[in-house]
Amino acid sequence: MNRSISRNAIKKISDYLYEIPASFREDMKVPARIFVSEKMLEKALSDNSLWQLVNVATLPGIQKYALAMADIHQGYGFPIGGIAAVDIANEGAISPGGIGYDINCGIRLLASNNFFEEVKPKIKDVAFSIFNAVPSGTGKGGAISLKTKELEKVLQKGARYLLEKGYGIKSDIEFCEEKGAFENVDFTQVSSKAKKRGQEQIGTLGSGNHFLEIQIVDEIFDEKAAAILGLEKNQVTIMIHCGSRGLGHQVCTDYVHEILSKQDEWGYNLVDRQLACAPFNSIEGQNYLQAMKAAANFAWANRHMITHRVREVWQSVFGPDCKISTVYDVSHNIGKCEFYEIDGKRKELFVHRKGATRAFGPNHKDIPLEYRPIGQPVLIPGDMGTASYVLLGTQKSIDESFGSICHGAGRAMSRTKAKKQTKGFLLRQELEEKGITVCCNSDRGLAEEAPIAYKNIDEVINVVTGAKLAKKVARLKPIAVIKGD
DNA sequence: ATGTCC
């Protein structure tokens with residue numbers, strides 16, 4: 001099978017948009033489009049990610065385009081940094097690979113009411129206290145332990161259940177996508193094996209690229225919007241990047257297995273088995289949807305509990321009057337039912353976002369009232385030790401990319417390659433020399449996430465803002481990195 | 001991403 005795609009097959013539409021026409025391969029139902037610069041397109045051609053994007057264009061019921069952003073790289077079946085929307089009423093298919101193994105992996109940004117000068121002298125103290133209060137690393141649990149019935153409440157009510165139990169504050173929920181939970185979720189679609197894996201993992205960070213950073217607001221691009229989001233220059237923020245841990249992973253594993261066994265039954269003959277999908281309206285499709293929603297609720301509860309722990313630590317270090325508030329929480333691995341205009345008709349689509357962040361423009365009803373005039377905050381982490389961005393979604397993103405943009409810098413090399421090319425202890429030293437406190441038990445874990453293993457975040461951001469899918473509000477710079485091994 | 005292979 002030829003998986004390489006030649007540059008000649010790709011048509012330039014504008015400086016930030018390229019297209020592989022639907023005529024490129026006979027099984028494509030729609031064109032594949034990638035929001036990218038010429039320079040970054042070269043990177044995308046170096047792995048199988050564009051072949052995967054072409055495969056996505058064959059998905060039953062896919063509408064308009066198979067889309068990818070500049071942070072595209074190879075994933076399970078679907079590329080990471082990709083978006084696919086299918087018509088629910090007209091043979092649309094739901095695919096676990098289009099959402100990813102880490103269901104509702106996402107970013108939460110917290111704002112403290114402290115400034116850099118106040119935090120600087122105590123940075124090691126506060127960073128290591130958070131490192132101790134938020135368990136991290138592969139397979140790690142131990143923040144709290146939930147009984148089966150309690151875990152089931154988390155699956156049904158997400159972060160809202162934890163708020164009822166006395167963890168966190170009401171505004172944490174109000175400034176979270178979906179207000180911290182999908183409603184009316186049938187949690188019985190989550191296997192007992194998945195539930196068991198989740199019981200010890202609420203309030204834990206995980207490993208890989210998951211992290212918690214203490215940051216300062218380094219630059220403001222839009223003073224008015226920043227004020228509405230409660231951000232000022234030199235203010236200290238905390239960014240949490242994690243997902244649904246072993247529970248979400250098990251949900252994906254369970255349903256990929258089930259759905260794979262029925263491809264023939266549904267008359268699907270997909271070019272890559274990793275694209276395995278189910279008719280959206282089939283029993284299996286609906287069961288996966290429910291399990292996916294339950295796992296998403298688990299992830300929101302997870303970030304909510306971490307927020308609670310950070311707040312406790314912050315107040316113990318800087319005093320009880322210090323405030324930690326949730327600026328926003330947004331997923332970048334999720335599937336959602338949303339309405340879009342297709343050929344002049346309003347249609348309900350199921351939008352797969354895999355390593356892609358929702359970026360709704362102003363006045364959308366799903367944005368908190370306070371933010372509605374400016375648009376939805378979009379939180380984009382950079383690679384370790386560089387910078388992260390706060391952006392706002394635009395109407396153009398709704399019109400051109402199903403209300404979505406990128407999710408981060410995107411990997412430029414595999415974890416194994418990164419480990420070979422990097423000395424973890426040197427990287428630790430470099431970060432410390434840049435004034436960044438590093439809380440990580442293993443140098444190997446650091447090496448996997450080395451900046452050279454990632455694309456340049458500024459370039460990725462320039463593409464989405466250049467294409468006017470989002471607007472810049474602020475740039476955040478890390479002063480402490482907390483991560484698992 | 002992930003009890004990094006039931």
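Naming convention: chains lettered A, B, ... in sequence-line order (proteins, then strands); numbering from 1 in each chain.
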Rounding to an integer number of Å, can you tell me how far [X] [atom1] sits from [N] [atom2]?
| X | N | atom1 | atom2 | result |
| --- | --- | --- | --- | --- |
| A:N333 | B:dT2 | CG | C1' | 13 Å |
| A:E200 | B:dT2 | CD | C1' | 17 Å |
| A:I103 | B:dT2 | CD1 | C1' | 12 Å |

Is the Lys NZ or Arg CZ of A:K354 less than 6.0 Å from the centre of A:F78's six-membered ring, within 45° of the axis?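 That pair does not qualify as a cation-pi contact.
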Contact class for [X] vs. all strands (heavy atom < 4.0 Å): base, sugar-phosphate, or nothing?
| X | value |
| --- | --- |
| A:K193 | base |
| A:E448 | nothing |
| A:R444 | base |

Only pairs under 3.5 Å count here: list side-chain donor-acceptor contacts from residues 59-70 of chain A, not counting sequence neighbours, and write none if there are none.
from: A:Q63; atom 1: OE1; to: A:K347; atom 2: NZ; distance (Å): 3.3
from: A:Q63; atom 1: NE2; to: A:G61; atom 2: O; distance (Å): 3.1
from: A:K64; atom 1: NZ; to: A:D399; atom 2: O; distance (Å): 3.1
from: A:Y65; atom 1: OH; to: A:R33; atom 2: NH1; distance (Å): 3.3

Closest-nucleotide ordering on DNA chain B, the 5'-leading residue of A:R411 and A:T138: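 Between the two, 5'-proximity favours A:R411.
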Of A:D485 and A:E449, whose nearest nucleotide on DNA chain B comes first from the 5' end?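 Closest to the 5' end, via its nearest nucleotide, is A:E449.
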Short side-chain N/O contact to B:dT2 OP1/OP2 from A:S207, under 4.0 Å: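 Yes, A:S207 has a side-chain N/O under 4.0 Å of OP1/OP2 on B:dT2.
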Can you list the residues that meet the ring pair (Phe, Tyr, Trp, His ring centres under 6.0 Å) rule with A:F131, with sequence neighbours excluded?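 A:F131: no ring pair (Phe, Tyr, Trp, His ring centres under 6.0 Å) contacts found.
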For A:Y18, ring pair (Phe, Tyr, Trp, His ring centres under 6.0 Å) partners two or more places apart: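 Ring pair (Phe, Tyr, Trp, His ring centres under 6.0 Å) check on A:Y18 returns nothing, list empty.
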Neighbours of DNA chain B within residues 240-262 of chain A, by heavy-atom distance under 4.0 Å: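 When residues 240-262 of chain A is checked for heavy atoms under 4.0 Å from DNA chain B, the hits, listed by number, are A:R245, A:G246, A:H249.
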Would you tabulate the side-chain donor-acceptor contacts of residues 102-109 of chain A under 3.5 Å, counting partners in other chains and residues two or more places apart, or write 'none'?
from: A:D102; atom 1: OD1; to: A:S244; atom 2: N; distance (Å): 2.9
from: A:D102; atom 1: OD1; to: A:S244; atom 2: OG; distance (Å): 3.4
from: A:D102; atom 1: OD2; to: A:H210; atom 2: NE2; distance (Å): 3.0
from: A:N104; atom 1: OD1; to: A:R303; atom 2: NH2; distance (Å): 2.9
from: A:N104; atom 1: OD1; to: A:S331; atom 2: OG; distance (Å): 3.0
from: A:N104; atom 1: ND2; to: A:A296; atom 2: O; distance (Å): 2.8
from: A:R108; atom 1: NE; to: A:D329; atom 2: OD2; distance (Å): 2.7
from: A:R108; atom 1: NH1; to: A:T307; atom 2: OG1; distance (Å): 3.2
from: A:R108; atom 1: NH2; to: A:D329; atom 2: OD2; distance (Å): 3.1

What side chain to side chain donor-acceptor pair (under 3.5 Å) pairs are there with at least one residue in residues 66-85 of chain A, not counting sequence neighbours?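 Found A:D71-A:H407.
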